[in-house]
Each structure stands twice: as structure tokens, then as C-alpha cells.
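Note sheet for the following structure.
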Amino acid sequence: MTENALTLVLGGTGKTGRRVVRRLTGRDEPVRIGSRAGGVPFDWEDQATWMPALRDVTAAYVSYYPDLAAPGAPERIGAFAALAVSAGVRRLVLLSGRGEEEARASEKELQASGADWTVLRCSWFAQNFSEDYLLDPVLAGQVVLPAGDVGEPFVDAEDIADVAVAALTGEGHAGRTYELTGPRLLTFADAVCEIAAATGRPVGYTQVPAADYAAALREHGVPLEVVDLLTYLFTTVLDGRNAVLGDGVQQVLGRPARDFTEYARDAAKAGAWNRKLA
Ligand SMILES: NC(=O)c1ccc[n+]([C@@H]2O[C@H](COP(=O)([O-])OP(=O)(O)OC[C@H]3O[C@@H](n4cnc5c(N)ncnc54)[C@H](OP(=O)(O)O)[C@@H]3O)[C@@H](O)[C@H]2O)c1
């Protein structure tokens with residue numbers, strides 16, 4: 001972008017954020033990681049941390065934690081976007097979710113901020129299986145979820161980061177909402193099969209009723225709000241509304257989205273599933 005432009009990457013150590021940071025630093029673009037452990041700490045729960053993180057920033061990648069479907073997200077996104085604009089930020093790129101009514105409210109807050117905004121409406125991340133809550137079940141050899149035969153076009157976080165960097169640094173993305181998905185619909189069982197093939201280890205998939213899934217999470221001490229969020233994501237968002245491909249990766253990058261097979265092969269090669277469960 002412009003010389004000396006500083007980009008704030010919220011969630012800059014997370015699944016998408018750290019890939020955005022890697023790309024920007026690779027291009028010698030000045031970057032500030034926005035997270036609780038960042039050099040200038042940023043905490044969504046503590047508004048006093050927001051302004052110091054925004055100092056001298058001209059563009060920001062906004063990945064919210066824990067999820068835009070969580071209660072209070074639109075209010076926080078709205079307050080953050082307003083503060084960012086008042087601090088001189090001109091460009092805001094929001095990581096959003098596909099088919100989530102709750103996420104729409106946050107998108108609207110961003111759009112009302114007066115910044116040049118871009119929304120990245122993403123399907124389920126492939127990296128949930130290797131870097132998040134589905135990693136341990138894969139390592140245990142059995143993934144148990146309330147997801148049935150609905151197809152989901154899992155998107156690779158590498159593609160999300162490529163698109164985010166284009167929107168943060170390039171022209172022509174202001175006022176645009178991009179639907180980012182992979183190139184193919186897979187059920188969760190298909191995805192687990194792909195991972196088993198890539199690792200050469202047996203990994204099974206079992207579908208359970210949503211109520212049983214929620215009860216098992218509670219038994220394992222998962223906080224109620226996280227249980228509610230996961231149950232919502234695995235039922236409402238997977239009711240078939242998202243079983244279509246989006247073309248955002250092709251639109252922005254001029255190339256097809258990465259396929260799940262490629263993701264599984266690369267993650268296996270990088271040792272994502274080599275660890276043994278304690
Ligand atoms: N996963 C999916 O399939 C999916 C699909 C569509 C959309 N999304 C959206 O993606 C977003 C999450 O993005 P992601 O998966 O790239 O991130 P992630 O891996 O879930 O995020 C972890 C990051 O958030 C930071 N963080 C945690 N608590 C924080 C807090 N209280 N304040 C500030 N930062 C905090 C962490 O750093 P510290 O620990 O240092 O704070 C870390 O940098 C959510 O808003 C979700 O709605 C997810």
C-alpha cells in the first residue's frame with residue numbers, strides 16, 4: 001500500500017491471522033500483531049487495549065475471537081471499527097462466516113464505520129482438523145460430530161490469507177463481500193477419509209445426535225457458551241444452506257481455490273498429525 005503503512009492483524013497468531021502476518025512481513029510491510037500476547041497487547045474483552053494497538057495503523061485485518069456468532073460480537077466489532085476510523089485507519093477487512101445470520105450484524109457494523117471495508121465470508125476452515133478443536137479427535141483416531149451427509153466446501157486458510165492480503169494492500173476491494181470456499185463439497189466423513197488417506201493412519205467418523213454431542217462436550221468440562229456455539233455451528237450452519245460453492249478465491253486471486261486433498265497432503269507432510277495424544 002502506501003509507504004510506512006502499518007497493518008494491524010487481529011488474531012495475528014491464529015489460524016488465518018498468522019498466515020496474513022507471514023505474507024505481509026514477507027513483503028516487508030510493517031505489521032502489528034493484535035492479540036493478548038502481542039507486543040502491544042490487544043484484548044477484545046478490554047477496550048482500554050484497543051487504542052494503543054491502533055496507533056499509527058492505516059489498515060486492519062479483523063478476525064474476531066471466539067466467533068462472530070458469539071453474543072456481543074456485533075457491538076464489539078462496531079465499537080472497534082468506529083475507534084479505528086477515529087484513529088485514522090482507512091481500510092478494514094473482516095473475516096466473517098457464511099450462512100451465519102449473527103455474522104451479518106457484525107458485517108453491517110463494519111460497513112457503517114466509514115472505512116473502506118471488505119468482508120471475507122468463509123466456509124469452514126480445513127485447518128480446524130489440524131490446528132483447532134478437531135485436531136485431538138483426529139489424533140485419537142475417531143471424529144464424533146453431529147454432522148451428517150450435508151456437503152461443506154471447506155476452505156484452506158492459505159487461500160483466506162492470500163485474499164486478505166490482496167484486500168489489505170491492493171486496489172478494487174473496497175465495498176466488496178467475497179464468498180470464500182474450497183472447490184468441492186465434502187461431508188465431514190469425506191474430510192476425515194481424506195485425512196486418513198493422507199496420514200496413512202486409520203481415522204473414523206461417527207455421526208451422533210446434536211443433543212448427545214452437546215452432552216458429551218459438557219461432560220468433558222467445555223464451558224456452556226462454547227457448547228452452545230459449537231452445537232449452533234454444527235446444526236444451523238450445516239443445515240444445507242452452505243452446500244454451494246463460492247467464487248471469491250477465483251475472483252480475487254484469478255486462480256482456483258486449493259482442494260482439501262492438497263491441504264491434507266501438505267498438513268500431513270508438515271507433521272500436523274504426527275503428535276501422540278497425552
Ligand atoms: N473456524 C472456522 O471454520 C471459521 C469459519 C468461518 C469464520 N470463522 C471466523 O474466524 C474467526 C477466528 O479466526 P481464526 O480461526 O483465524 O482465529 P483463531 O485461530 O480462532 O484465533 C486465535 C487468535 O485469537 C487471539 N485471541 C484469543 N482470545 C482473544 C481475545 N480475548 N482478544 C484478542 N485476541 C484474542 C489469539 O491470540 P492470543 O491468545 O494471544 O490472544 C489468536 O491470535 C472467528 O471470528 C470466526 O467467526 C471461522
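Both counts, for ligands and for their atoms, begin at 1 and track the order of listing. Quick caveat: nothing in here was measured; it's all calculated off a predicted structure. Values below: all heavy atoms of this structure, side chains included; hydrogens, waters and symmetry mates excluded.
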With heavy atoms and a 4.0 Å threshold, my read on which part of L95 contacts ligand 1 is side chain
Closest to atom 34 (N) of ligand 1 among W50, W124, W44, Y61 (heavy-atom distance) | W44
Shortest reach to atom 31 (N) of ligand 1 by a heavy atom, considering only V21, D132, D43 = D43
What's the shortest distance from atom 36 (C) of ligand 1 to any protein heavy atom, and which residue and atom give it?
-> T13 OG1, 3.9 Å
C122 heavy atoms within 4.0 Å reach ligand 1 at atoms 6 (C)
Check each atom of ligand 1 against the heavy atoms of S123 and keep those under 4.0 Å away; list them by number with element.
-> 5 (C), 6 (C)
Going hydrophobic residue to hydrophobic residue with side-chain gaps under 4.5 angstrom, can you get from V249 over to V244?
-> no
Residue portion contacting ligand 1 (non-hydrogen atoms closer than 4.0 Å) for N128 = side chain
Between CZ of F80 and OG of S113, what distance do you get to the nearest 0.5 Å?
-> 10.0 Å
Return the residue, atom name and 0.1 Å-rounded distance of the protein heavy atom closest to atom 29 (C) of ligand 1.
-> R36 NE, 3.5 Å
Once you round to the nearest 0.5 Å, how far does CG of L94 lie from CG of L68?
-> 5.5 Å
Answer side chain, backbone, both or neither: which part of A103 comes under 4.0 Å from ligand 1, heavy atoms only.
-> neither
D67 N/O to ligand 1 N/O under 3.5 Å = yes
Spatial distance of atom OG (S35) from atom CZ (R18) [nearest 0.5 Å] | 11.5 Å
Report yes if G38 has an N/O atom closer than 3.5 Å to an N/O atom of ligand 1; otherwise report no.
-> no
Enumerate the atoms of ligand 1 whose separation from the nearest heavy atom of G14 is less than 4.0 angstrom.
-> 19 (O), 21 (O), 22 (C), 23 (C), 42 (C), 43 (O)
Using a strict cut-off of 4.0 Å, indicate which atoms of ligand 1 neighbour a heavy atom of G11.
-> 23 (C), 24 (O), 43 (O)
Counting only heavy atoms, which portion of A157 has something under 4.0 Å from ligand 1: side chain, backbone, both, or neither?
-> neither
Looking only at heavy atoms, is any part of A69 under 4.0 Å from ligand 1, and if so is it the side chain, the backbone, or both, or is it neither?
-> neither
heavy-atom search around atom 28 (N) of ligand 1 in the protein gives Y65 CD2, 3.1 Å
Counting only N and O atoms by type, is there a donor-acceptor contact under 3.5 Å from the side chain of Y213 to the main-chain atoms of L145?
-> no
Would you indicate whether Y65, at its atom OH, is surrounded by more than 12 heavy atoms from other residues, nucleotides or ligands within a distance under 6.0 Å?
-> no
Starting from atom 16 (O) of ligand 1, which protein heavy atom do you reach first, and at what distance in Å?
-> T16 OG1, 2.6 Å
Salt bridge between R218 and D228, side-chain N to carboxylate O under 4.0 Å?
-> no
Compare Y133, Y64, F42, F154 and give the one whose heavy atom is closest to atom 44 (C) of ligand 1.
-> Y64
Atom indices of ligand 1, in the order listed, that fall short of 4.0 Å to a heavy atom of G12 = 43 (O)
Atom 7 (C) of ligand 1: the protein heavy-atom neighbour that sits closest, reported with distance to 0.1 Å | S96 O, 3.5 Å
Output field: ring centroids F234/F188 closer than 6.0 Å | yes
All heavy atoms of E102 vs all of A69, minimum pair found to be CB-CA, 3.7 Å
For the pair Y263 and Q127, evaluate side chain to side chain donor-acceptor pair (under 3.5 Å) and give the outcome as yes or no after the intermediate values.
-> CA-CA 8 Å; Y263 149 75; Q127 278 76 7; 5.7 Å; no
closest protein heavy atom to atom 8 (N) of ligand 1 is F125 CZ, 3.6 Å
Heavy atoms from other residues, nucleotides or ligands near CG of D46 exceed 12 (cutoff 6.0 Å) | yes
Please could you name the atoms of ligand 1 that P66 approaches to less than 4.0 Å, counting only its heavy atoms?
-> 44 (C)
Give, for atom CD of E100 and atom CZ of R121, the distance between the pair rounded to the nearest 0.5 Å.
-> 10.5 Å
Residue, atom and distance of the protein heavy atom nearest atom 40 (O) of ligand 1 read S35 OG, 2.8 Å
Which segment of A37 sits under 4.0 Å of ligand 1 when only heavy atoms are counted = both
Where do V227 and V222 come nearest, in terms of heavy atoms and distance?
-> CG2-O, 3.5 Å
Tell me, which protein residue and heavy-atom name are nearest atom 20 (O) of ligand 1, and how many Å apart are they?
-> K15 NZ, 3.3 Å
Taken to the nearest 0.5 Å, the spacing of R32 CZ from F42 CZ works out to 11.5 Å
Could you tell me which atoms of ligand 1, counted from 1 in the order shown, lie closer than 4.0 angstrom to a heavy atom of L68?
-> 45 (O), 47 (O)
State the CG-OH distance between L168 and Y61, to the nearest 0.5 angstrom.
-> 8.5 Å
